[in-house]
Amino acid sequence: MKNVTFSRVCEIFNNLESTASRNEMTSILSSFYKDLNKEDSQILSYLILGRVVPFFVNKEFNYSEKSFVSLLGDILKVGGRKENIGKKRNELGDIGDTLEYFVKELKYKSGGLFLEEIYEILWKIVKTYGTGSVEKKNGIIADTLKKLSPLEAKYFARIVCGSLRFGVNSKTLLDVFSFVVQGDKGIREELDRAYGAYADIGYICSLVVENTKEEVEKNLKGVRIEPGVPVLSRLVERVATFEEVFERLGDSVLVQSKYDGLRCQIHKYEKGELRHKESVWLKYLESEDNSSLFSSVENKYEVKLFTRNLEDVTEMFPEVVESAMAIDRDSFILDSEVLGWNSKIEKFLTFQETMQRRRKYDVKNMRESIPVKAMAFDILYLDSVDISEKDTEERVEILNTLSVGGAIDKDKTVEVKSVEELYEVFNRTVAKGHEGVIVKQKIGTYLPGVRNYEWIKLKKSMESKLVDSIDLVAVGYSFGSGRRSSLGVGAILGALYNEDNNTFEAICNVGTGFSDDQLKNTFKSFEGDIVKKKPNNVEVEKSLIPDVWVEPRIVFTVEADEISMKKGKRSLSLRFPRLIEWGRDKGITEATSVKELESMYEKQKKVEKSK
Ligand code: ATP
């Protein structure tokens with residue numbers, strides 16, 4: 001298949017932008033993917049998600065809109081132009097539209113660059129860092145602009161500034177891939193399984209395009225978990241009562257403490273082991289002089305730590321890396337929760353304290369003041385063998401044989417056979433300061449990214465009416481009145497995820513639970529996300545329309561007094577929602593879904609009845 005031009009890609013981007021229909025987006029993308037070769041389709045998959053690499057590789061453009069405005073001023077070289085460009089940017093509300101507007105004036109001739117060439121240029125920008133990097137990046141971008149049409153310049157600018165947003169996420173792309181193969185969502189399950197085991201969207205894409213249906217099925221079946229590439233985290237269900245645990249899981253269950261920290265997958269493997277060398281991004285990464293995926297420690301082994309959001313956090317927790325290196329095994333993947341640890345009183349720190357370690361700078365000092373422990377609760381891979389398909393009971397036994405130390409520890413999993421016993425273990429665990437327990441069915445494989453009743457959480461908070469906290473996606477905000485108006489934000493509009501059509505349904509405004517400082521910071525965290533009109537993938541009823549729309553990106557946790565049914569309507573709302581935590585370590589599609597809230601509503605009714 002011939003290589004595609006960047007100009008053709010931009011036409012498709014333009015079509016995507018002008019449709020509000022999710023089905024039409026899938027259809028536009030799937031017919032386009034059908035015409036692409038393996039390499040181009042991988043590149044497109046990353047770009048559409050605003051990246052040049054999968055989520056688990058830390059590579060960013062680090063080029064701001066301000067730099068673009070200033071560069072344009074230099075290129076246009078007319079007195080007072082910079083201010084004009086800044087003004088135009090504010091008027092149009094978007095850096096891409098600004099570029100399109102001014103590049104029209106420059107009358108550059110499009111050089112018909114191929115997507116592959118653009119990808120190479122983007123890598124050059126990503127790889128330029130250190131002193132003088134802004135000037136160097138300016139040089140690369142200015143040269144490129146000369147070869148771009150106004151439309152190409154628009155999307156190029158959005159890619160580099162990280163504001164290319166169509167409301168397309170990995171799940172949308174998996175739908176698209178299914179359509180490429182057979183014109184419907186029929187193979188989504190197989191695609192989900194493969195992506196769950198190997199969370200590199202470009203790689204999964206390469207198994208689909210330019211293949212027959214039979215080949216795709218075979219390819220997807222063959223995808224196995226592999227240290228170095230994150231596995232989607234297994235998720236946990238909630239129930240209304242302790243009795244329900246046994247109704248669902250059988251007579252005998254496994255119980256573990258529920259640690260309240262940061263989900264962390266610990267991967268150890270021999271350097272250079274990563275199999276899929278054909279991945280389009282790997283050749284660029286490997287040719288780097290110093291920071292390759294396989295470097296960092298003078299050692300035969302590599303250790304990587306990933307969050308449930310697929311972010312590489314290896315640099316943040318060096319003590320966990322050292323302890324993983326010290327485990328006398330050649331390769332493994334552990335599922336764990338990282339928590340701050342006070343060794344003097346032998347107690348875990350609060351979630352808020354632990355989160356202070358979630359940063360890339362000053363790690364040495366932070367390591368001293370807030371040391372962490374990774375509490376391993378599952379194992380998916382050991383000494384080159386994928387054990388994720390063994391039953392939970394067996395995996396826990398294998399985990400128990402692993403000799404760990406230092407900053408890696410594991411809790412004792414206990415077997416429980418009655419509600420009374422479960423209450424006892426629960427109370428004992430909560431008395432130790434934990435949030436509750438996780439109950440696991442003995443039989444059942446590790447299902448990546450899946451939430452079902454084989455893993456159930458029982459939390460302290462179950463004593464209230466609402467059976468769990470709720471994770472909302474911020475989709476807008478209102479200015480607020482009185483003193484609050486000076487803080488920039490008065491209340492945040494939160495939305496639930498609707499997995500049926502991949503949209504976000506606004507449900508309520510949250511203005512309680514924020515300190516003034518937090519509100520100010522919230523305002524800052526929206527920088528770059530503010531958009532002029534309602535994003536395509538957001539649904540809202542009139543009464544909730546906010547003063548300002550923001551692109552769905554940030555997930556925040558709230559508690560509420562109860563879930564209520566809106567008067568005269570069939571939709572649900574939250575009564576007195578209040579903020580518990582801003583900026584959760586979660587992707588937007590991992591927020592509480594409409595279906596989950598409906599199921600929580602049913603559980604709430606059960607809890608009410610039982611009281
Ligand atoms: P969600 O319901 O979306 O998973 P959440 O992030 O608020 O939301 P919690 O209610 O805290 O999740 O419960 C699930 C999380 O508990 C897991 O994602 C994991 O990070 C953590 N966890 C702590 N201990 C365990 C354990 N022993 N087994 C599994 N998960 C555990």
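The figures here come from the full heavy-atom set of this structure, side chains too, leaving out hydrogens, waters and symmetry mates. Since we're looking at a predicted model, the values are computed, not measured. In each ligand, atom 1 is the first atom listed, and ligand 1 is the first ligand listed.
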Exercise for the section: Do me a favour and list the nearest non-hydrogen protein atom to atom 10 (O) of ligand 1 with residue, atom name and distance? Expected result: Lys457 NZ, 2.6 Å
Handout entry: Side-chain ion pair, Arg263 and Asp585, N-O less than 4.0 Å
Key = no
Handout entry: Any Arg238 heavy atom less than 4.0 Å to ligand 1
Key = yes
Fill in the blank from the handout: Closest to atom 19 (C) of ligand 1 by heavy-atom distance, out of Glu237, His434, Glu337, is Glu337
Exercise for the section: Give a yes or no on whether a salt bridge exists between Glu435 and Lys457, defined as a side-chain N under 4.0 angstrom from a carboxylate O. Expected result: no
Handout entry: Criterion side-chain hydrogen bond (donor to acceptor under 3.5 Å, both in side chains) on Glu559 and Ser469, from CA distance to verdict
Key = CA-CA 5 Å; Glu559 270 179 2; Ser469 52; 5.5 Å; no
Completion exercise
atom 24 (N) of ligand 1 sits nearest the protein heavy atom Tyr259 N, 3.1 Å
Practice task
Would you indicate whether the side-chain heavy atoms of Phe504 and Tyr497 approach each other to under 4.5 Å?
Solution key: yes
Problem - Nearest protein heavy atom with distance in Å, relative to atom 29 (C) of ligand 1 - result: Phe377 CE1, 3.4 Å
Practice task
Among all protein heavy atoms, pick the one closest to atom 18 (O) of ligand 1 and tell me residue, atom and distance.
Solution key: Arg263 NH1, 2.8 Å
Practice task
Using a strict cut-off of less than 4.0 Å between a Lys/Arg side-chain nitrogen and an Asp/Glu carboxylate oxygen, indicate whether Lys171 and Glu499 qualify as a salt bridge.
Solution key: no
Handout entry: Pairing of Lys390 and Glu397 as salt bridge, 4.0 angstrom limit
Key = no
Practice task
Taking atom CD of Glu189 as the centre, report whether more than 12 heavy atoms of other residues, nucleotides or ligands fall under 6.0 Å from it.
Solution key: no
Completion exercise
Contact region, Arg584 to ligand 1, non-hydrogen atoms below 4.0 Å, reads side chain
Practice task
Please confirm whether Tyr381 and His267 have ring centers closer than 6.0 angstrom.
Solution key: no
Problem - Nearest-option assignment for atom 25 (C) of ligand 1, heavy atoms, candidates Ile438, Asp585, Ile470 - result: Ile438
Fill in the blank from the handout: When distances are taken from atom 28 (N) of ligand 1, the protein heavy atom at minimum range is Lys440 NZ, 3.0 Å
Handout entry: Cationic N near anionic O, under 4.0 Å, Arg51 to Glu60
Key = yes
Problem - Close N or O approach (Arg308, ligand 1; < 3.5 Å) - result: yes
Practice task
Note the single closest protein heavy atom to atom 14 (C) of ligand 1, along with its residue, its atom name and the distance in Å.
Solution key: Val236 CG2, 3.8 Å
Handout entry: Nitrogen or oxygen of Arg451 less than 3.5 angstrom from that of ligand 1
Key = yes
Problem - NZ (Lys586) with more than 12 external heavy atoms under 6.0 Å - result: yes
Handout entry: Asp561 bridged to Arg575 by N-O distance under 4.0 Å
Key = no
Exercise for the section: Please write down residue, atom name and distance for the protein heavy atom closest to atom 13 (O) of ligand 1. Expected result: Lys258 CE, 3.1 Å
Problem - Distance-only N or O hit between ligand 1 and Arg234, under 3.5 Å - result: no
Practice task
May I ask you to check if ligand 1 and Ser257 share an N or O to N or O distance below 3.5 Å?
Solution key: yes
Problem - Subset of ligand 1 atoms that lie under 4.0 Å from at least one heavy atom of Gln256 - result: 26 (C), 27 (N), 28 (N)
Practice task
Just need the protein heavy atom nearest to atom 3 (O) of ligand 1, so name the residue and atom and give the distance.
Solution key: Lys586 NZ, 2.7 Å
Problem - Per-atom contacts, ligand 1 versus Lys459 - under 4.0 Å to a heavy atom - result: 10 (O)
